[in-house]
Amino acid sequence: MRPSTLRALNRAAELTRQNRFTEAMLIAEPVIITADEYEGEEIRRWLLDHVADFTGENHPDSKELP
């Protein structure tokens with residue numbers, strides 16, 4: 001995944017935790033839409049692995065950010 005995509009996803013997660021969902025979508029949507037097939041799969045995996053980053057909850061199956 002490109003570093004710019006990862007930064008956008010991390011920022012979207014941060015905004016979501018602050019209840020700024022519209023801003024989060026404005027940041028995340030363009031990188032998700034423009035992702036090619038391979039990066040799209042990486043994004044899907046990242047989102048599944050980082051659910052807690054968006055909710056602020058600690059789930060046993062989620063991975064923490066490095």
Side-chain angles (χ1 to χ4, degrees):
M1 176 181 330
R2 292 175 292 161
S4 59
T5 299
L6 184 56
R7 279 193 305 275
L9 294 174
N10 282 324
R11 180 65 178 143
E14 180 182 334
L15 290 168
T16 300
R17 287 191 306 274
Q18 297 171 7
N19 294 319
R20 296 166 59 188
F21 186 69
T22 302
E23 292 171 80
M25 287 302 298
L26 288 172
I27 290 172
E29 186 177 33
V31 296
I32 292 170
I33 289 173
T34 59
D36 63 18
E37 175 183 344
Y38 301 105
E39 188 172 41
E41 181 56 37
E42 290 179 323
I43 290 170
R44 280 188 285 281
R45 261 193 322 272
W46 188 91
L47 288 170
L48 289 171
D49 290 344
H50 293 90
V51 170
D53 295 342
F54 287 86
T55 65
E57 298 175 10
N58 291 322
H59 296 282
D61 294 335
S62 66
K63 298 177 183 172
E64 295 296 322
L65 284 174

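Predicted model only: the values in this text are computed from it and were never measured. Just so it is clear, the values below take in all heavy atoms, side chains as well, and ignore hydrogens, waters and symmetry mates. When a residue number appears, it is its place in the shown sequence, counting from 1.
Every residue two or more places apart in sequence or in another chain was checked for a salt bridge (charged side-chain N to carboxylate O under 4.0 Å, His left out) with Arg7, and none qualifies. Applying the side chain to side chain donor-acceptor pair (under 3.5 Å) rule to Arg45 yields no partners; only residues at least two apart in sequence or on another chain are considered.
The shortest non-hydrogen separation linking Ala12 to Ala28 is CB-CB, 3.8 Å. Closest heavy-atom contact between Leu26 and Pro30: O-CD, 3.2 Å.
Leu9 is listed as a side-chain neighbour of Met1, based on a closest heavy-atom distance under 4.5 Å. At a threshold of 4.5 Å between non-hydrogen side-chain atoms, the residues Asp53 and Arg17 count as touching.
Apart from Phe21 itself, the hydrophobic cluster it occupies contains Met25, where clustering links Ile, Leu, Val, Met, Phe, Trp and Tyr at side-chain heavy-atom distances under 4.5 Å. Hydrophobic cluster membership of Ile27, counting Ile, Leu, Val, Met, Phe, Trp and Tyr whose side-chain heavy atoms lie under 4.5 Å apart directly or via other members: Leu15. Grouped by direct or indirect side-chain proximity (heavy atoms under 4.5 Å, Ile/Leu/Val/Met/Phe/Trp/Tyr only), Tyr38 sits alone.
With values rounded to the nearest 0.5 angstrom, Asn10 atom CG is found 4.5 Å from Trp46 atom CH2. Within the model, atoms CZ of Arg44 and CD1 of Ile32 stand 10.0 Å from one another, a figure rounded to the nearest 0.5 Å. The CD atom of Glu42 lies 11.5 Å from the CD atom of Glu37; values are rounded to the nearest 0.5 Å.
Residues in residues 20-29 take part in these side chain to side chain donor-acceptor pair (under 3.5 Å) pairs, two or more places apart or across chains: Gln18-Arg20, Arg20-Glu23.
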